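Read the structure below first, then the notes.
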Amino acid sequence: MIATQLPALQIIIPLFAAPLIVLARRSELAWIIALVANFLCVLVAWDLFQLVNEQGIIRYSLGGWAAPTGIEYFVDTVNAPLLLLVSSISAIVVAYAYHSVKKSIDSTKHYLFYAAWMLCLSGLLGMLITGDAFNVFVFLEISSLSTYMLIAFGNDRRALTASFRYLVLGSIGASFILIGIGFLYAATGSLNMLDLAQRIPNASSERAILVAFSFISIGLMIKSAIFPLHAWLANAYHFAPISVTAFLAGTATKVSLYVLLRFLFSVFGTQYNFEYLLLNVILLPAAVFGFLIMSVVAIFQTDLRRMLAYSSVAQIGYIVAGISLATQAGITAGYAHIINHALIKTALFMSVGCIIYRLGHAHRPSLDNLIQTMPLTCVAFIVSGLGLIGVPFTGGFISKFTLISASMEKGWWVMGGLVLVSSVLAIIYIGRVVDVMLFRKQRLPNPMPQGRNEAPLSMLVPMYVLIGLSLYLGVYGSETLTVSGEAAKQLLGGFR
Amino acid sequence: MSWLIPPLLFFYGAFLCLVVGRKQRTFITLLIPVVALFSLLMLPMGNMAQVQFLGFELIFVRLDKLAFVFSLIFIIAAFLASIYAWHVNDKVQQVSTLLYAGAALGGVLAGDLITLFLYWEITAVASVFLIWARRTPAAYATGMRYLLIQVGSGVLLLAGLLVHYNDTGSILFEHMGLVSTGTLLIFLAFGIKCAFPLMHNWLQDSYPAATVTGTVVLSSFTTKMAVYALARGYAGEEILIYIGAIMTLFPIFFAEIENDLRKVLAYSLNNQLGFMVVGVGIGTELALNGTAAHAFCHILYKSLLFMSVGAVLYRTGTSKASELGGLYKTMPVTMVCCLIGAASISAFPLFSGFISKSLILDASAKNGYYLVWFALVVASAGVLSHSGIKIPYFTFFAHDSGKRPMEAPVHMRIAMIITAALCVIIGVFPSLLYQLLPYEVDYKPYTTSHVLAQMQLLCFALLAFVFLMRKGIHPPEVRGINLDSDWAYRKGLPSILAMSAAGATQIATKAREGLQAQASDWVFTIRRLSAPGGLLAKGWGVNSMVFVVTLLLLLVLFLNLK
Amino acid sequence: MNTILGLYNYWMVIILMMAGLYILIARYNLIKKIIGLSVFQTSIFYLYITMGKVEGGTAPILTGDPATYSNPVVHVLILTAIVVGVATTAVALALIVRIHETYDTIEDDEIKAIEMLEEDS
Amino acid sequence: MMNGKKIAAAFAWVESPSAVNTAIKVLAALCGLLFLLDFVIHRHTYVPGEGMWGFYAFTGFIAFTLIVLGAKTLRTLILRDENYYGEQSVDSEEYPASQLAIESDQEDAK
């Protein structure tokens, strides 16, 4: 009985956890409910992942209304791994968040914080699981609205303006998507993605499809912070509570990228993207300039959160570069990097969170010799940093390596070279931090408490679990690649 | 079994060293090479420890006779260096020594290019700590230069292997030859680590900067791993013969006038590599045997020389020839060992250099490379001049410096005596080494004519030394440094940059005066744009963000609907 | 002529949309920005409803079985979108109240100037 | 260490100019002998000219001299002060004493 309702449960569990948390009110209780709900989500996602591997696509008609009239959820090899990824990251970060939230947020507001978190999670999962174009918009707004709230919880007053700016830009992005979906509906008379994919080739008006395509892709570019539409991201990641940043960095942009992939390849089809729509004229340069310029910008940042935020935009550039290759190998690389980068960047933000927890800031020049006071945190940062650079036996290496060989396979040598160049830039910005942490003598008179002053265990353990996970996927890289390869095959083959 | 392959054993040792106390660490550094030796001897020939990775089959162990002889000498070198470093109580050095030796061993055993790349980079990163362990700002800067070049070599290797894979679909590390862009890139990567002319200077720059024991370790692995890689991938590539010939000649002149004895040895190392590279270039069985044998002997006697100079440095605080002299009185054992090392490197009969260098010389003569052969003969006389005479003479004899240091500590003496004994044993019983070589050896080094020729060459060179000393023509040892190609990036580039920056400022000033306009150079612009608060890095307002969105939308619509 | 007048509702959509975007780009007052955003969103509602309109059609409720009726799906969709729009506006206004409390201004350029100072310090 | 002292004593002759002169004479005699052997022993050769009388002797002497002279010339071109690369270079600094064990052999110091 339950097994057949899994796709709905995936959304409903966090959705119902939110009001439950509001009712519970007490902050410990709120946290426990969030954690339990989140782990249930992980279980459901795991089950779905297994089911998809065994049986292939799962289609689920919400409320018993059959598609294309009703809203349909479907799970296939593209979104099942991401459901698992997003719910696991959220679960780990919720576990991690307890102490950091307790310290930085007024205790009377904790229940609201966790409720917003659960809503955000259900929005993100909904975007992943739904097979209905309009439903994507609805879930996008659910997740976005709760994200604005979560960001505004930040301590610095600039969190408010960051949230506001993100709100305006995010709403524009969502509205663009809405416009695009409207045009699609006008041209085809359907909202179901599977149905759309079949109807678009014979649509009455090609112009309407083209307009729909433009609006949807721009809208999703905003939401997934693709250069040059990334400007909202830096402040949002910088000033949000650090656990929120860790959560968003691993999930929000990745889910939007998934929707982009879905629309580009499943709904519109490869032919549309690159023969008629010149998307490679927009998306590819955006990707390449993104990972080059943003890596340079990251080098000059003095705040670790901001540095990592810009590095995120750069890493999204890699993903988009893989996508814009539009080959099996390219999409495999992009998809693998979605997974690897989500894990690595979340771990990095978590380690920065530990630093902030103890020092109250993450200002690079003031982290002299941090290894003496917070060795475990520093090691976590360094190990994840190596992953970000793409050192062999880390996840980052797997996806970058696949990306480079994919671009060579297509004959895009220059891009492969530029990816290498930007890896060198990554070495510089991570290296600057490591240099300060390990090698600098303390210059400031008394900037830090002396002796060991490690973050609490409840923060360290989830962080190391995540790092272990990403290292596992680095060493056994072929597993990520198998999953990504299946996803790419599914995307390129349309709905089958 | 694949968890007990020699390179991994070294890594386990390094990890153990991280967590245990001082005494156990010293013990581990000695134990690991012994265990690794047993592991190596137990390994059957052929491919092992194959791992599927990203759809590639990585071969972590490919053992054949060529790989075996290099692995064996690496393990021996690691063991000797560990005895020599018995006194060291520095976790950094001990861990990095083990990591470095293990990685070099892994590189030699690697059966595919990806594995090779992996170990290639680990050797770079692990070895730099032997320089940083000196713990001075200067050593840090030198280490950074070293690391940059070594990692650069790795990047070239990666690029080359990608191109090569794209061309051929194979990542096997086998004979490749210089046939395509990919193989050229790999060749250059090997060339950097092998210190080809004009790519050589990292060696002389960094080895004298390492710690006393670190230099002994450094001298054994990186370059010989590169020689092995060349022998594996580019045997018989004719250009190597000429590269090698140049390598044997030009460092002689630098070594002759260098004051820092460890730098002299670094130049001499470069010159000896030249012999090996020539052997690889000729590529016949005899020549490759010569390369392998020479690498084997070279690691021993070069370690021995670095050990003795290191012992002097350890006891006197300097390794500069101008400050030394007359030490034989108080460091006689070190002196004798140094003399044995000097005799070995100069290839006196009954010492190890003689039986390995002859192979390469004969190979070049037999294959008709007469000019190269002659260059090698001249270089042999040169080797005598700097390593054979200069090192022992100016350290232990010459004018009395007045220094009366203690004899080297017991463990150093033991390490030196064992190494010296090995040099002599190999020199006296060449068949011991010959049976290890990759191909059948049908070669007799001790023929009358051969011994006579070598003795004539060396004795007359010695005579020339005496003559030049007596006449006062031989250049004295003076303090100072000699410029080499590192000038280009240590002085030239910075001053060009400074000059161009100054020029740019001038132009900018003029432009400001003339045109009332701002002009600034691009580095500054990037910095200004990217630093916190700069255009690219500040929090944009809603207005500009929406503006960019609108522009992009219009662009996309225009492109799509045109 | 026909294209201009016959498609006048689409022209209105475009004008509203551009007006909304213009306000967002050209005005610094946060409240005005939210107004711009609402205008922009309204244009989308208009677009959807326009699509569903059928000449001479009625609403398919309470009239038995009409021969021609406007497409009800778009109305349903846009009801949802309106709810979303209201929620967005509410959150935005709440944020503006908080911004006003902490910054004492709701002019975006003034806020940016304050933030630049904070970044320097 | 007794052993070491014996070895040192065995080399003490280098201090005396007359002994050094004798040693040089021995070396010269050895060279003469080796040169003469060329006329007695037939060397196997691969390279044209290698079989010439005194080929190795001349090569050794001349090559060594030319190398030393060449190096001397080179030194006039490239010798620089130890501080050439600034204070922060390995050449201009002393080896950090903390890593050394500098001890003098008081017994032998005279």
Side-chain angles (χ1 to χ4, degrees), chain B residues 134-139 141-142 208-209 211-212 252-253 256-257 260 313-318 328-330 332-333 336 365-366 370 373 377-378 381-382 385 397 404-407 448-449 452-453 455-466 468 473-475 479-483 490-491, chain D residues 1 3-5 7-8 11 14 24 27-28 30-31 34-35 37-38 41-44 46-48 50 54 56-61 63-65 67-72 74-75 78-82 84-85 88-97 99-106 108-109:
Chain B
R134 181 166 169 158
R135 298 194 170 82
T136 65
T142 312
T211 60
V212 170
I252 294 174
F253 296 96
E256 187 61 34
I257 51 175
D260 185 344
L313 171 61
Y314 186 64
R315 282 307 196 203
T316 65
T318 182
Y328 80 96
K329 288 176 186 154
T330 52
V333 177
V336 170
K366 274 182 185 156
Y370 298 136
W373 173 84
V377 171
V378 170
S385 80
F397 306 105
R404 294 287 181 273
M406 286 271 282
E407 176 60 278
T448 327
S449 80
L452 177 60
M455 284 307 287
Q456 281 177 339
L457 182 78
L458 294 175
C459 286
F460 273 86
L462 257 173
L463 197 63
F465 171 71
V466 173
L468 292 169
I473 302 173
H474 197 280
R479 294 197 74 128
I481 56 153
N482 297 303
L483 303 184
R490 292 177 71 182
K491 202 83 179 183
Chain D
M1 188 165 160
N3 237 346
K5 277 188 185 149
I7 300 172
F11 276 85
V14 298
I24 291 172
L27 175 65
L30 181 65
C31 287
L34 287 168
F35 191 80
L37 278 178
D38 242 15
I41 297 170
H42 174 73
R43 283 188 277 115
H44 299 279
Y46 301 104
V47 181
E50 190 194 346
Y56 282 100
F58 283 114
T59 310
F61 194 90
F64 193 100
T65 314
I67 285 167
V68 171
L69 292 180
K72 215 176 164 184
L74 186 66
R75 175 181 269 182
I78 62 171
L79 185 68
R80 292 291 184 281
D81 191 64
E82 277 180 350
Y84 182 73
Y85 288 122
Q88 300 248 313
S89 83
V90 170
D91 311 279
S92 58
E93 72 176 14
E94 292 293 320
Y95 193 91
Q99 298 183 11
L100 304 175
I102 303 175
E103 289 165 51
S104 279
D105 197 333
Q106 294 301 332
D108 282 14

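What you see is a predicted model; the values in this text were computed from it and never measured. First the proteins, then the strands, lettered A, B, ... as listed; each starts at 1.
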Measuring heavy-atom distances to chain B, does [X] have an atom under 4.5 Å in its side chain, in its backbone, in both, or in neither?
| X | value |
| --- | --- |
| D/Val14 | side chain |
| D/Phe35 | both |
| D/Ile24 | side chain |
| D/Leu30 | side chain |
| D/Asp81 | backbone |

Is [X] in contact with chain D via its backbone, its side chain, both, or neither, using a 4.5 Å heavy-atom distance?
| X | value |
| --- | --- |
| B/Val336 | side chain |
| B/Thr316 | backbone |
| B/Asp260 | neither |
| B/Leu313 | both |
| B/Phe397 | side chain |

Heavy-atom donor-acceptor pair, [X] side chain to [Y] backbone, under 3.5 Å:
| X | Y | result |
| --- | --- | --- |
| D/Tyr95 | B/Val212 | yes |
| B/Gln456 | D/Leu34 | yes |
| B/Arg315 | D/Ala101 | yes |
| D/Lys72 | B/Ile473 | yes |
| D/Arg75 | B/Ile257 | yes |

Atom pair [atom1] ([X]) and [atom2] ([Y]), whose distance is rounded to the nearest 0.5 Å:
| X | Y | atom1 | atom2 | result |
| --- | --- | --- | --- | --- |
| D/Leu79 | B/Arg479 | CG | CZ | 12.0 Å |
| B/Ile481 | D/Ser92 | CD1 | OG | 8.5 Å |
| B/Tyr314 | D/Leu100 | OH | CG | 7.5 Å |
| B/Phe253 | D/Ile78 | CZ | CD1 | 11.5 Å |

Please report the closest heavy-atom contact between [X] and [Y], naming both atoms and the distance.
| X | Y | value |
| --- | --- | --- |
| B/Leu483 | D/Tyr84 | CD2-CE2, 3.6 Å |
| B/Ser385 | D/Phe64 | CB-CE1, 3.2 Å |
| D/Gln99 | B/Arg134 | NE2-O, 3.2 Å |
| D/Ala63 | B/Ala381 | CB-CB, 4.1 Å |
| D/Ala28 | B/Leu463 | CA-CD1, 4.1 Å |
| B/Pro332 | D/Ala8 | CB-N, 3.8 Å |

pair B/Asn482-D/Arg80: side-chain heavy atoms closer than 4.5 Å: no
Top contributor to chain D contacts, counting heavy-atom pairs under 4.5 Å, from B/Val466, B/Val378, B/Leu452: B/Leu452
Contact winner vs chain D - B/Ala453, B/Gly317, B/Pro208, heavy-atom pairs under 4.5 Å: B/Ala453
Picking from [options], which has the most non-hydrogen pairs under 4.5 angstrom with chain B?
| options | result |
| --- | --- |
| D/Gly54, D/Ala97, D/Gly70, D/Pro48 | D/Pro48 |
| D/Leu69, D/Ile41, D/Leu37, D/Asp91 | D/Asp91 |
| D/Tyr56, D/Phe58, D/Phe11 | D/Tyr56 |

